[in-house]
There are 2 protein chains.
Amino acid sequence: MAKLDDTDRQLLMLLQEDDRQPLAALSEKIGVAVSTINDRIKRLVRSGIISGFHAHVAPEAAGLNLLAFIMVGWSNPKVEAIFLEKVKASPDVLECHHVTGAWNHLLKVRVGTTRDLERFLSETIKAVDGVERTETLITLSSAKETWKVSLEAAPS
Amino acid sequence: MAKLDDTDRQLLMLLQEDDRQPLAALSEKIGVAVSTINDRIKRLVRSGIISGFHAHVAPEAAGLNLLAFIMVGWSNPKVEAIFLEKVKASPDVLECHHVTGAWNHLLKVRVGTTRDLERFLSETIKAVDGVERTETLITLSSAKETWKVSLEAAPS
DNA sequence: AGTGAAAATTGGACGTA
DNA sequence: TACGTCCAATTTTCACT
(Lines give C-alpha, C1' and ligand atoms only; values in the text may rest on other atoms or scores of the structure.)
Protein backbone atom coordinates (compact mmCIF):
# COMPACT_ATOMS: atom_id res chain seq x y z
CA MET A 1 0.00 0.00 0.00
CA ALA A 2 1.33 3.39 -1.01
CA LYS A 3 2.10 5.56 1.98
CA LEU A 4 0.68 9.00 2.45
CA ASP A 5 2.70 12.09 3.14
CA ASP A 6 1.42 15.20 4.79
CA THR A 7 0.35 16.80 1.51
CA ASP A 8 -1.72 13.74 0.63
CA ARG A 9 -3.43 13.82 3.99
CA GLN A 10 -4.30 17.49 3.71
CA LEU A 11 -5.59 16.92 0.20
CA LEU A 12 -7.71 13.95 1.23
CA MET A 13 -9.19 15.92 4.10
CA LEU A 14 -10.21 18.73 1.77
CA LEU A 15 -11.59 16.38 -0.87
CA GLN A 16 -13.58 14.42 1.69
CA GLU A 17 -15.17 17.72 2.64
CA ASP A 18 -15.83 18.88 -0.91
CA ASP A 19 -14.51 17.24 -4.03
CA ARG A 20 -15.74 19.96 -6.37
CA GLN A 21 -13.57 22.83 -5.30
CA PRO A 22 -11.23 24.02 -8.06
CA LEU A 23 -7.67 22.77 -8.06
CA ALA A 24 -6.64 26.40 -7.63
CA ALA A 25 -8.45 26.55 -4.28
CA LEU A 26 -6.76 23.37 -3.10
CA SER A 27 -3.45 24.68 -4.35
CA GLU A 28 -3.81 27.81 -2.27
CA LYS A 29 -4.94 26.01 0.87
CA ILE A 30 -2.15 23.46 0.79
CA GLY A 31 0.56 25.59 -0.74
CA VAL A 32 1.68 23.58 -3.76
CA ALA A 33 1.21 24.21 -7.47
CA VAL A 34 -2.07 23.48 -9.24
CA SER A 35 -0.46 20.85 -11.44
CA THR A 36 0.92 19.09 -8.39
CA ILE A 37 -2.55 18.95 -6.89
CA ASN A 38 -3.76 17.42 -10.13
CA ASP A 39 -0.98 14.82 -10.14
CA ARG A 40 -1.63 13.90 -6.53
CA ILE A 41 -5.36 13.43 -7.00
CA LYS A 42 -4.72 11.26 -10.05
CA ARG A 43 -2.29 9.13 -8.10
CA LEU A 44 -4.63 8.78 -5.13
CA VAL A 45 -7.40 7.63 -7.43
CA ARG A 46 -5.19 5.24 -9.36
CA SER A 47 -3.86 3.64 -6.21
CA GLY A 48 -7.36 3.16 -4.84
CA ILE A 49 -6.85 5.38 -1.81
CA ILE A 50 -9.64 7.55 -3.14
CA SER A 51 -12.34 5.02 -3.95
CA GLY A 52 -14.62 7.47 -5.71
CA PHE A 53 -16.31 10.84 -5.91
CA HIS A 54 -19.92 10.74 -4.87
CA ALA A 55 -22.82 13.14 -4.54
CA HIS A 56 -24.66 12.66 -1.27
CA VAL A 57 -28.43 12.81 -1.37
CA ALA A 58 -30.54 13.86 1.63
CA PRO A 59 -32.54 10.71 2.46
CA GLU A 60 -35.64 12.71 3.43
CA ALA A 61 -35.71 14.21 -0.06
CA ALA A 62 -36.24 10.71 -1.37
CA GLY A 63 -38.95 10.06 1.19
CA LEU A 64 -36.74 7.85 3.36
CA ASN A 65 -37.62 9.03 6.83
CA LEU A 66 -36.88 5.90 8.80
CA LEU A 67 -33.42 4.60 9.65
CA ALA A 68 -33.06 1.31 11.46
CA PHE A 69 -30.39 -1.14 12.51
CA ILE A 70 -31.37 -4.78 12.39
CA MET A 71 -29.43 -7.60 13.98
CA VAL A 72 -30.03 -11.00 12.47
CA GLY A 73 -29.22 -14.44 13.83
CA TRP A 74 -29.35 -18.07 12.66
CA SER A 75 -27.70 -21.32 13.59
CA ASN A 76 -27.41 -23.15 10.27
CA PRO A 77 -24.32 -21.79 8.45
CA LYS A 78 -25.90 -22.50 5.08
CA VAL A 79 -28.25 -19.59 5.63
CA GLU A 80 -25.53 -17.00 5.10
CA ALA A 81 -25.13 -17.26 1.33
CA ILE A 82 -28.83 -16.86 0.61
CA PHE A 83 -29.16 -14.11 3.17
CA LEU A 84 -26.29 -12.08 1.71
CA GLU A 85 -27.65 -12.41 -1.78
CA LYS A 86 -31.02 -10.99 -0.79
CA VAL A 87 -29.49 -8.25 1.27
CA LYS A 88 -27.08 -7.12 -1.44
CA ALA A 89 -29.93 -6.90 -3.92
CA SER A 90 -32.17 -4.85 -1.64
CA PRO A 91 -31.97 -1.07 -2.16
CA ASP A 92 -33.28 -0.60 1.40
CA VAL A 93 -30.09 -2.05 2.85
CA LEU A 94 -27.26 0.45 3.12
CA GLU A 95 -24.86 -1.72 5.04
CA CYS A 96 -24.44 -5.34 6.02
CA HIS A 97 -21.70 -6.34 8.41
CA HIS A 98 -20.67 -9.72 9.75
CA VAL A 99 -20.19 -9.11 13.46
CA THR A 100 -18.97 -10.84 16.59
CA GLY A 101 -21.27 -11.65 19.47
CA ALA A 102 -24.71 -13.14 19.77
CA TRP A 103 -25.80 -12.06 16.31
CA ASN A 104 -24.57 -13.02 12.87
CA HIS A 105 -25.10 -9.86 10.88
CA LEU A 106 -25.90 -6.23 11.50
CA LEU A 107 -27.87 -4.32 8.88
CA LYS A 108 -28.32 -0.61 8.36
CA VAL A 109 -31.59 0.00 6.59
CA ARG A 110 -33.38 3.08 5.26
CA VAL A 111 -37.05 2.99 4.37
CA GLY A 112 -39.95 5.40 4.14
CA THR A 113 -42.21 4.44 7.02
CA THR A 114 -42.70 1.86 9.75
CA ARG A 115 -45.00 0.08 7.37
CA ASP A 116 -42.15 -0.28 4.86
CA LEU A 117 -39.92 -1.55 7.64
CA GLU A 118 -42.48 -4.16 8.58
CA ARG A 119 -42.68 -5.25 4.97
CA PHE A 120 -38.89 -5.35 4.68
CA LEU A 121 -38.61 -7.56 7.76
CA SER A 122 -41.22 -10.02 6.59
CA GLU A 123 -40.46 -10.09 2.89
CA THR A 124 -36.69 -9.75 2.85
CA ILE A 125 -35.31 -10.93 6.17
CA LYS A 126 -37.71 -13.46 7.61
CA ALA A 127 -38.39 -14.81 4.14
CA VAL A 128 -34.90 -16.29 4.21
CA ASP A 129 -35.27 -19.86 5.37
CA GLY A 130 -33.30 -20.48 8.53
CA VAL A 131 -33.28 -16.95 9.93
CA GLU A 132 -34.22 -17.48 13.54
CA ARG A 133 -33.89 -14.20 15.39
CA THR A 134 -33.93 -10.48 14.61
CA GLU A 135 -33.73 -7.41 16.75
CA THR A 136 -34.56 -4.00 15.33
CA LEU A 137 -33.24 -0.74 16.69
CA ILE A 138 -35.12 2.22 15.25
CA THR A 139 -33.19 5.46 15.01
CA LEU A 140 -34.96 8.40 16.62
CA SER A 141 -32.29 10.90 15.68
CA SER A 142 -28.71 10.93 14.43
CA ALA A 143 -26.30 13.14 16.32
CA LYS A 144 -23.49 12.36 13.89
CA GLU A 145 -23.30 10.70 10.53
CA THR A 146 -20.14 11.07 8.52
CA TRP A 147 -18.16 9.11 5.95
CA LYS A 148 -14.92 10.98 6.63
CA VAL A 149 -11.93 8.89 7.44
CA SER A 150 -9.62 10.35 10.04
CA LEU A 151 -6.14 10.92 8.66
CA GLU A 152 -4.21 12.18 11.60
CA ALA A 153 -1.95 9.27 12.40
CA ALA A 154 -0.95 7.51 9.22
CA PRO A 155 0.91 4.20 9.16
CA SER A 156 4.61 4.58 8.53
CA MET B 1 -40.02 19.83 -0.15
CA ALA B 2 -39.37 20.08 -3.86
CA LYS B 3 -40.56 17.02 -5.69
CA LEU B 4 -38.35 15.02 -7.99
CA ASP B 5 -39.25 14.06 -11.51
CA ASP B 6 -37.80 11.17 -13.41
CA THR B 7 -34.94 13.23 -14.84
CA ASP B 8 -33.92 14.30 -11.35
CA ARG B 9 -33.93 10.74 -10.14
CA GLN B 10 -31.79 9.52 -13.02
CA LEU B 11 -29.40 12.38 -12.47
CA LEU B 12 -29.14 11.73 -8.75
CA MET B 13 -28.47 8.06 -9.36
CA LEU B 14 -25.62 8.89 -11.74
CA LEU B 15 -24.15 11.54 -9.45
CA GLN B 16 -24.31 9.24 -6.43
CA GLU B 17 -22.25 6.81 -8.48
CA ASP B 18 -19.75 9.37 -9.74
CA ASP B 19 -20.05 13.11 -9.37
CA ARG B 20 -17.05 13.90 -11.53
CA GLN B 21 -18.31 12.77 -14.88
CA PRO B 22 -18.62 15.67 -17.35
CA LEU B 23 -22.02 17.22 -17.89
CA ALA B 24 -21.79 16.00 -21.48
CA ALA B 25 -21.67 12.39 -20.27
CA LEU B 26 -24.71 12.90 -18.06
CA SER B 27 -26.47 14.66 -20.90
CA GLU B 28 -25.93 11.71 -23.20
CA LYS B 29 -26.99 9.10 -20.64
CA ILE B 30 -30.19 10.90 -19.68
CA GLY B 31 -31.03 12.44 -23.02
CA VAL B 32 -31.36 16.14 -22.20
CA ALA B 33 -29.17 19.11 -23.09
CA VAL B 34 -25.93 19.83 -21.25
CA SER B 35 -27.23 23.16 -20.02
CA THR B 36 -30.31 21.46 -18.64
CA ILE B 37 -28.13 19.05 -16.71
CA ASN B 38 -26.27 22.04 -15.34
CA ASP B 39 -29.51 23.77 -14.31
CA ARG B 40 -30.83 20.63 -12.65
CA ILE B 41 -27.70 20.01 -10.61
CA LYS B 42 -27.70 23.63 -9.47
CA ARG B 43 -31.30 23.35 -8.38
CA LEU B 44 -30.74 20.05 -6.58
CA VAL B 45 -27.84 21.58 -4.67
CA ARG B 46 -29.68 24.80 -3.86
CA SER B 47 -32.70 22.94 -2.56
CA GLY B 48 -30.54 20.75 -0.35
CA ILE B 49 -31.51 17.51 -2.04
CA ILE B 50 -27.84 17.06 -2.91
CA SER B 51 -26.11 17.71 0.40
CA GLY B 52 -22.60 17.71 -0.98
CA PHE B 53 -19.93 16.20 -3.20
CA HIS B 54 -17.44 14.09 -1.35
CA ALA B 55 -14.38 12.01 -2.11
CA HIS B 56 -14.47 8.64 -0.37
CA VAL B 57 -11.24 7.37 1.12
CA ALA B 58 -10.50 3.67 1.61
CA PRO B 59 -10.25 3.29 5.40
CA GLU B 60 -7.45 0.73 5.15
CA ALA B 61 -5.34 3.29 3.31
CA ALA B 62 -5.47 5.40 6.44
CA GLY B 63 -4.58 2.44 8.60
CA LEU B 64 -8.11 2.03 9.93
CA ASN B 65 -8.55 -1.71 9.85
CA LEU B 66 -11.09 -2.15 12.59
CA LEU B 67 -14.78 -1.30 12.34
CA ALA B 68 -16.99 -1.66 15.38
CA PHE B 69 -20.50 -0.87 16.51
CA ILE B 70 -20.86 0.12 20.13
CA MET B 71 -24.13 0.33 22.02
CA VAL B 72 -24.11 2.58 25.03
CA GLY B 73 -26.54 2.81 27.93
CA TRP B 74 -27.14 5.01 30.98
CA SER B 75 -30.04 5.85 33.25
CA ASN B 76 -29.41 9.48 34.20
CA PRO B 77 -30.69 11.67 31.33
CA LYS B 78 -28.10 14.35 32.10
CA VAL B 79 -25.43 12.09 30.68
CA GLU B 80 -26.58 12.62 27.10
CA ALA B 81 -25.30 16.15 26.55
CA ILE B 82 -21.77 15.39 27.73
CA PHE B 83 -21.72 12.10 25.88
CA LEU B 84 -22.76 13.67 22.58
CA GLU B 85 -20.19 16.41 22.88
CA LYS B 86 -17.35 13.91 23.32
CA VAL B 87 -18.63 11.71 20.56
CA LYS B 88 -19.02 14.53 18.05
CA ALA B 89 -15.49 15.67 18.72
CA SER B 90 -13.96 12.23 18.29
CA PRO B 91 -12.62 11.49 14.78
CA ASP B 92 -12.95 7.77 15.53
CA VAL B 93 -16.75 8.04 15.62
CA LEU B 94 -18.36 7.92 12.21
CA GLU B 95 -21.94 7.77 13.36
CA CYS B 96 -23.95 8.25 16.51
CA HIS B 97 -27.64 7.41 16.56
CA HIS B 98 -30.23 7.69 19.29
CA VAL B 99 -32.08 4.40 19.13
CA THR B 100 -35.07 2.65 20.61
CA GLY B 101 -34.71 -0.40 22.82
CA ALA B 102 -32.52 -1.33 25.74
CA TRP B 103 -29.69 0.99 24.71
CA ASN B 104 -29.50 4.75 24.43
CA HIS B 105 -27.10 5.27 21.56
CA LEU B 106 -25.50 3.24 18.83
CA LEU B 107 -22.04 4.25 17.60
CA LYS B 108 -20.19 3.31 14.46
CA VAL B 109 -16.48 3.56 15.09
CA ARG B 110 -13.37 3.09 12.96
CA VAL B 111 -9.95 2.65 14.53
CA GLY B 112 -6.64 1.08 13.65
CA THR B 113 -6.37 -1.90 15.97
CA THR B 114 -8.06 -3.60 18.90
CA ARG B 115 -5.68 -1.70 21.12
CA ASP B 116 -7.04 1.59 19.75
CA LEU B 117 -10.56 0.33 20.34
CA GLU B 118 -9.73 -0.49 23.93
CA ARG B 119 -8.33 2.99 24.38
CA PHE B 120 -11.36 4.55 22.74
CA LEU B 121 -13.71 2.68 25.06
CA SER B 122 -11.86 3.64 28.22
CA GLU B 123 -10.86 7.19 27.31
CA THR B 124 -13.86 8.38 25.34
CA ILE B 125 -16.88 6.32 26.31
CA LYS B 126 -16.39 5.09 29.83
CA ALA B 127 -14.74 8.36 30.76
CA VAL B 128 -18.17 9.97 30.51
CA ASP B 129 -19.58 10.01 34.01
CA GLY B 130 -22.85 8.12 34.19
CA VAL B 131 -22.29 5.72 31.30
CA GLU B 132 -23.30 2.38 32.77
CA ARG B 133 -23.28 -0.21 30.05
CA THR B 134 -21.66 -0.78 26.66
CA GLU B 135 -21.74 -3.63 24.21
CA THR B 136 -19.28 -3.79 21.35
CA LEU B 137 -19.86 -5.64 18.10
CA ILE B 138 -16.68 -6.01 16.11
CA THR B 139 -17.08 -6.22 12.36
CA LEU B 140 -15.33 -9.21 10.82
CA SER B 141 -16.27 -8.31 7.26
CA SER B 142 -18.66 -6.01 5.46
CA ALA B 143 -20.75 -7.58 2.74
CA LYS B 144 -22.26 -4.24 1.78
CA GLU B 145 -21.49 -0.66 2.63
CA THR B 146 -23.06 2.06 0.54
CA TRP B 147 -24.22 5.64 0.95
CA LYS B 148 -26.56 5.53 -2.05
CA VAL B 149 -30.11 6.50 -1.40
CA SER B 150 -32.67 4.48 -3.31
CA LEU B 151 -34.74 6.67 -5.60
CA GLU B 152 -37.21 4.28 -7.09
CA ALA B 153 -40.43 5.31 -5.40
CA ALA B 154 -40.50 9.05 -4.87
CA PRO B 155 -43.13 10.80 -2.79
CA SER B 156 -45.81 12.43 -4.88
C1' DA C 1 8.32 15.03 -7.42
C1' DG C 2 7.40 20.00 -8.16
C1' DT C 3 6.71 24.15 -11.08
C1' DG C 4 4.70 27.61 -14.46
C1' DA C 5 2.52 28.50 -18.62
C1' DA C 6 0.29 27.01 -22.79
C1' DA C 7 -3.39 24.10 -24.75
C1' DA C 8 -7.68 21.55 -24.38
C1' DT C 9 -11.77 20.71 -22.10
C1' DT C 10 -15.48 21.93 -19.22
C1' DG C 11 -18.82 24.58 -16.70
C1' DG C 12 -21.62 28.79 -16.05
C1' DA C 13 -24.49 32.65 -17.85
C1' DC C 14 -27.54 34.48 -21.06
C1' DG C 15 -31.01 35.06 -24.65
C1' DT C 16 -34.68 32.60 -27.03
C1' DA C 17 -38.49 29.70 -27.47
C1' DT D 1 -38.41 24.65 -17.86
C1' DA D 2 -35.50 23.27 -21.76
C1' DC D 3 -32.31 24.54 -25.24
C1' DG D 4 -27.97 26.23 -27.79
C1' DT D 5 -24.27 29.48 -28.02
C1' DC D 6 -20.70 31.99 -26.26
C1' DC D 7 -17.23 33.23 -22.86
C1' DA D 8 -14.87 32.44 -18.56
C1' DA D 9 -12.98 29.15 -15.60
C1' DT D 10 -10.88 24.99 -14.93
C1' DT D 11 -8.31 20.93 -15.94
C1' DT D 12 -4.63 18.76 -18.33
C1' DT D 13 -0.31 18.46 -20.60
C1' DC D 14 4.51 19.42 -21.12
C1' DA D 15 9.26 21.13 -20.99
C1' DC D 16 12.22 22.46 -17.33
C1' DT D 17 14.13 22.55 -12.43
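Side chains included, hydrogens not; waters and symmetry mates left out as well; all remaining heavy atoms used. Lettering follows sequence order; numbering is per chain, from 1.
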Report task. Give a yes or no on whether the ring-centroid distance for B/Phe53 and A/His54 is below 6.0 angstrom. Result -> no
Query raised in the report: Given D/dT12, is OP1 or OP2 found less than 4.0 Å from the side-chain N or O atoms of A/Lys42?
Result: yes
**Report entry** Distance, rounded to the nearest Å, where B/Asp39 contributes CG and C/dA13 contributes C1'
**Finding:** 10 Å
Requested in this report: Take the protein atom CD1 of A/Ile41 and the nucleotide atom C1' of D/dT11, then report the distance between them rounded to whole Å.
Outcome: 10 Å
Report task. Could you check how far CD of A/Gln21 sits from P of C/dG11, rounded to whole Å? Result -> 16 Å
Query raised in the report: Any idea how A/His105 and A/Phe83 line up, ring-wise: parallel (<30°), tilted (30 to 60°), or perpendicular (>60°)?
Result: tilted
Requested in this report: Quick one: label B/Val32 by what it contacts on the DNA or RNA (base, sugar-phosphate, nothing), any heavy atom closer than 4.0 Å.
Outcome: sugar-phosphate
Requested in this report: Go through C/dG11, C/dT3, D/dT1 for me and flag the one nearest to the B/Leu23 side chain.
Outcome: C/dG11
Report summary line: Whole-Å distance, A/Ile30 CD1 to C/dA1 C1', equals 15 Å
Query raised in the report: B/Leu26 has an atom CG; how far is it from atom C1' of C/dG12, in whole Å?
Result: 15 Å
Report task. Compare the minimum distances between each of D/dG4, C/dT3, D/dT12 and the side chain of A/Ala33, then state the nucleotide with the smallest one. Result -> C/dT3
**Report entry** Side-chain N,O (A/Asn38) to OP1/OP2 (D/dT11) below 4.0 Å
**Finding:** no
Query raised in the report: Is any side-chain nitrogen or oxygen of B/Ser35 closer than 4.0 Å to OP1 or OP2 of D/dC3?
Result: no
Query raised in the report: Is there a donor-acceptor pair under 3.5 Å between the side chain of B/Ser47 and the backbone N or O of B/Arg43?
Result: yes
Query raised in the report: Picking from C/dT3, C/dG11, C/dG12, which would you name as closest to the side chain of B/Pro22?
Result: C/dG11
Query raised in the report: Within the structure, does a side-chain N or O atom of A/Arg20 lie under 4.0 Å from either OP1 or OP2 of C/dG11?
Result: no
Requested in this report: Would you kindly give the CG-to-P distance between A/Asp18 and D/dT10, to the nearest whole Å?
Outcome: 13 Å
Query raised in the report: Hey, are B/Asp8 and B/Arg40 close enough for a salt bridge, meaning a charged N less than 4.0 Å from a carboxylate O?
Result: yes
Query raised in the report: For the pair made of CZ in A/Arg43 and C1' in D/dT12, what is the distance, rounded to whole Å?
Result: 17 Å
Query - Face-on cation placement of B/Arg133 at B/Trp74 ring, 6.0 Å and 45° thresholds - result: no
Report summary line: Rounded to whole Å, CG of B/Leu4 lies from P of D/dT1 at a distance of 13 Å
